[in-house]
Amino acid sequence: MGEPGPSRIPSKLPLPPQRKVNGIPRPKPGPVSTLQSKRITRRSMSVPDLRQMGAAPTNQKQPATRAPTQRTVQPVNRKRPAVTATAAPVAKKPLVQSESNKSSAKPASVNKAPPVAAGKRKIAPWDTKGQLDLANNKIERLLQDKENLEALTHDAQAVKDQLDACLKEQALLSSRLEEAQQKRKETEMHLIEAQNQCDSLIADKSALASKIELLKSQLTAEKRKNEQLGEEIQKVECSRDELISVSSQLRKDFEKEKSSNLELCSKLELTETKVKSLTEEVLELQELRRQMHNQILDLKGNIRVFCRVRPPLETESGRAIASFNFSDEASLEIKSSQDPGSAKSSQKTKSDSFTFDKVFSPNNSQDDIYLELSQLVQSALDGYNVCVFAYGQTGSGKTYTMEGGDTQETQGMIPRAIQTIFSAIDKQKQMGWQFSVKCSFLEIYNEVIRDLLNPKSNLPYEIKMVGSDDVMVTNLKVEEVQSAEGLMDLLSKAQKSRFVAATVMNHQSSRSHSIAQIRVESSHAGRNIQCQGTLNLIDLAGSERYNSDNLTDRKKETCNINKSLACLTLVIMHLVEKSGHVPFRDSKLTHLLMPSLKGNSKTLMLVNLAPLEDCYQETLSSLKFATRVSAVELSARRQIKSRMAMKSK
Ligand SMILES: Nc1ncnc2c1ncn2[C@@H]1O[C@H](COP(=O)(O)OP(=O)(O)OP(=O)(O)O)[C@@H](O)[C@H]1O
C-alpha cells in the first residue's frame with residue numbers, strides 16, 4: 001500500500017483547517033507535526049522556554065558548547081524534511097522576549113550598562129552618558145526585536161511554505177485516496193471475481209476429483225489388462241521364437257525346394273507341351289471316334305429296332321403267361337395256345353419267330369437297355385438328331401422303360417441320358433468345348449399339343465417351319481439348363497403334368513404321346529467346330545387295337561393314337577426307302593419330329609411287350625409293326641453294305 005517518495009504520510013491523516021496568524025494562513029497545531037506546534041507556541045514563549053526546547057539564545061550566558069546551529073529542531077516525522085529545512089534558520093535568531101523576561105534575556109554587553117530593569121533608576125538629565133546608555137539599550141532592544149520580528153517573518157514564511165507543501169500534499173493525498181478507493185473498489189471487484197473463480201475452481205476441483213477417481217479405476221483396470229497383455233506378450237514372444245526357428249528351418253527347406261522347383265519347372269514346361277500335343281491328339285481321336293461311332297451306327301442302321309418283354313407283375317399273378325423263347329440276343333419266338341381264328345384254339349399251339357437288332361427278355365435290366373441306347377445319346381452329343389420311340393400296347397412297359405422307377409437300378413432311359421449328357425459335357429469342357437443344353441417337354445393328346453412345363457396354359461401350340469429343315473412349336477417353353485439336376489427337375493415337373501387316364505389294361509395309363517426334347521449345342525473355338533444335335537425321347541401312347549367295348553371317349557383316343565402310329569410307321573418306311581415324298585405332316589407327331597427323322601438322323605424303335613397270354617394278339621401286332629420297320633431297314637442296310645463293298649473294290 002505504501003508509495004515511494006519523500007512524504008510518506010498515512011492517507012488517513014486529517015488535514016488541519018487553515019487559519020491565519022498575523023494575516024498568514026498557517027496550519028492548525030496538532031498531530032500533523034510536532035515542530036509546527038512548537039514553532040507556533042514559541043511566540044508566547046520566553047527565551048528560557050526556547051532554551052528548554054533546544055533553541056539557541058542570543059544571550060552570551062548560554063553554554064558555549066551549544067552553538068546556535070546545534071539548536072536544530074528535530075522533526076518528529078523524519079519523512080518531512082521540508083520542515084526541518086525551514087526550522088534551521090529560525091533557530092539562529094533569538095525569539096521575541098516577553099517584557100517580563102527582557103532583563104534576563106539581555107545580552108552581556110547590555111548587562112555591562114547599569115541595569116535598567118532593576119528598579120528603573122532615574123537618570124538624571126545631565127547624565128548624558130546614562131541616557132546615552134539607556135538609548136543604546138533601547139536601540140539594542142529594538143534591534144533585537146527587529147531581529148526577532150524578522151525571524152518570525154521568516155518563520156511565518158517557512159510555515160507558509162510548509163502550509164503550501166501541506167496543501168499540495170493534501171491534494172496529492174486526496175487524489176491518492178481516490179485512487180486508493182478506486183483501487184479498493186477494483187480490488188473488491190477482483191475479490192468477487194476471485195471468489196467466483198474460486199467457487200468454480202472448487203466445483204472444477206470436485207469434478208476433477210471424481211474424474212481422478214474414475215481415471216484411477218480405469219488405470220487399475222488398464223494395469224490389469226497391461227499385466228495380462230504382458231503375459232500374452234511373453235507367450236507370443238515364446239511362440240515367435242519358435243516360429244523364428246521354424247522359419248529358418250523352412251527357409252533352408254525353401255532353398256532346397258527352390259532348386260528342385262527349377263528342375264520341376266523345366267519338367268513342367270516339357271509336360272505342358274506334351275499335354276498340348278496330347279490334347280490335340282485326343283481331339284483328333286475324338287473326331288475320329290465320332291466318325292467311326294457314327295459309321296458303326298450307320299452300319300447298324302439309322303433305324304434300329306429293339307424288342308423288350310417285361311416281366312409279369314405281382315398284380316398279374318394267376319393270369320396265363322405267354323411262352324417266349326429267346327434263342328439269342330436278337331431273336332424271339334412266341335408261342336400261344338390260343339388261336340382266335342379257331343373254335344378249338346385251346347387245343348392248338350401257335351408259334352411265331354422274330355428277329356430284331358436287339359431283343360431283351362424279362363430278365364434284362366434297365367442297365368442292359370441303356371448300354372445299347374447310350375450310343376445314340378453319344379451321337380446326339382456328336383451333333384446328330386436322334387429319336388428313341390417306346391412303342392407297345394398299354395401296360396407293356398413303355399413309360400417304365402423311358403422314365404423308370406425311383407431307384408438307381410430302375411431309373412429309365414431319360415434320366416440316364418441326362419446323366420450321360422452332362423458327364424460327357426463336363427469331360428469335354430476340359431478339352432476346350434463349350435456347351436448349351438436346352439429342353440422342352442410336351443405331349444400330343446388327340447392331336448392337340450400340351451406344354452408339360454406349362455400345363456395350365458390355354459395358349460395355342462402350333463407347329464411351324466423354321467427355314468427349310470427345322471420346326472418349332474409356338475408358345476412352347478424351352479428351358480436352358482446348366483446341370484443334370486436342373487434337367488431332372490424339369491423332367492419330374494413334366495411327368496406330373498402328363499395326362500393320365502384310366503384304361504382297361506392300366507389304371508395309370510398315359511393316353512398321349514409324350515416327347516422330351518433335349519437340344520445340345522457344342523462348339524470348339526480352337527478347332528472352329530460347331531455341332532448341334534437333338535435327342536428326342538418319345539413315350540408313345542398305347543397301341544392297342546380298336547375294341548368295340550371301348551367307351552366313346554376311348555374310341556376317339558384309340559383312333560387318334562392308331563392314326564398317328566400308322567403315320568409314324570409310314571414315315572419311317574418312306575425314310576428308309578428314301579421315297580421322294582415323306583408324309584410328315586399327316587400327324588402332329590411326325591410333323592414335330594420331322595427334323596429329327598429325316599436326313600442323317602438316327603432312330604430307335606423300342607417295342608415293348610406284355611408277357612400275358614391274353615395280350616397275345618396285341619403282342620403279335622406290335623411284333624409285326626416292329627418287323628415291318630426292321631425289315632425295311634435291313635434291306636436298306638444291305639444296300640448300304642453292298643455299296644460300301646463296291647467302293648472298297
Ligand atoms: N421291365 C419291367 N420290370 C418291372 N416292371 C415293369 C417293367 N415294365 C413295366 N413294368 C410295370 O408294368 C406296369 C405298366 O408299365 P407302364 O406303365 O410302363 O406301361 P405303358 O406301356 O407305359 O402303359 P400305357 O401305354 O398305358 O402308359 C407298371 O406298373 C410298370 O411298373
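Everything numeric in this text was worked out from a predicted model, so none of it was measured. Just so you know, ligand 1 is whichever comes first in the structure, and atom 1 is the first atom listed for that ligand. Along the sequence shown, the residues carry numbers beginning at 1.
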Would you confirm whether Asp451, through its side chain, and Lys477, through its main-chain N or O, come within 3.5 Å as a donor-acceptor pair?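 The answer is yes, because a donor-acceptor pair under 3.5 Å joins these two groups.
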List the atom pairs, donor and acceptor, that lie under 3.5 Å between side-chain atoms in residues 453-469 and the rest of the protein, sequence neighbours left out.
{"residue": "Ser457", "atom": "OG", "partner": "Leu459", "partner atom": "N", "Å": "3.0"}
{"residue": "Ser457", "atom": "OG", "partner": "Tyr461", "partner atom": "OH", "Å": "3.1"}

Please determine whether any non-hydrogen atom of [X] lies less than 4.0 Å from an atom of ligand 1.
| X | answer |
| --- | --- |
| Gln366 | no |
| Leu313 | yes |
| Arg308 | yes |
| Gly395 | yes |

Ring centres of Phe360 and Phe306 under 6.0 Å apart?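 Between Phe306 and Phe360, which both carry aromatic rings, the centre distance is below 6.0 Å.
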Find all atoms of ligand 1 within a distance of less than 4.0 Å from any non-hydrogen atom belonging to Gln393, and give their numbers and elements.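 Those atoms are 21 (O).
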Interfacing atoms of ligand 1 (cut-off 4.0 Å, heavy-atom, Gly542):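 Per the distance check, 25 (O).
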Between Arg310 and Glu316, does at least one N-O distance fall below 4.0 Å, as a salt bridge requires?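 Salt bridge present between Arg310 and Glu316.
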Hey, is Glu447 close enough to Lys588 for a salt bridge, meaning N to O under 4.0 Å?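 Answer for the salt bridge query: no.
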For Thr401 and ligand 1, does the shortest N/O to N/O distance drop below 3.5 Å?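 No.
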Report the member of Pro311, Gly397, Gly412 with the shortest heavy-atom distance to atom 1 (N) of ligand 1.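 Nearest heavy atom to atom 1 (N) of ligand 1 lies in Pro311.
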Can you figure out which of Glu403, Lys398, Glu314 has its heavy atom closest to atom 20 (P) of ligand 1?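 The option holding the nearest heavy atom is Lys398.
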Show me, pair by pair, the donor-acceptor contacts under 3.5 angstrom made by side chains of residues 401-413, not counting sequence neighbours?
{"residue": "Thr401", "atom": "OG1", "partner": "Arg308", "partner atom": "NH1", "Å": "3.0"}
{"residue": "Thr401", "atom": "OG1", "partner": "Gly397", "partner atom": "O", "Å": "2.8"}
{"residue": "Thr401", "atom": "OG1", "partner": "Asn608", "partner atom": "OD1", "Å": "3.0"}
{"residue": "Glu403", "atom": "OE1", "partner": "Gln495", "partner atom": "NE2", "Å": "3.0"}
{"residue": "Thr407", "atom": "OG1", "partner": "Thr410", "partner atom": "N", "Å": "3.2"}
{"residue": "Thr407", "atom": "OG1", "partner": "Thr410", "partner atom": "OG1", "Å": "2.7"}
{"residue": "Thr410", "atom": "OG1", "partner": "Thr407", "partner atom": "N", "Å": "3.2"}
{"residue": "Thr410", "atom": "OG1", "partner": "Thr407", "partner atom": "O", "Å": "3.3"}

Ser351 OG to Ile334 CD1 distance, which is reported to the nearest 0.5 Å: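 It comes to 9.0 Å.
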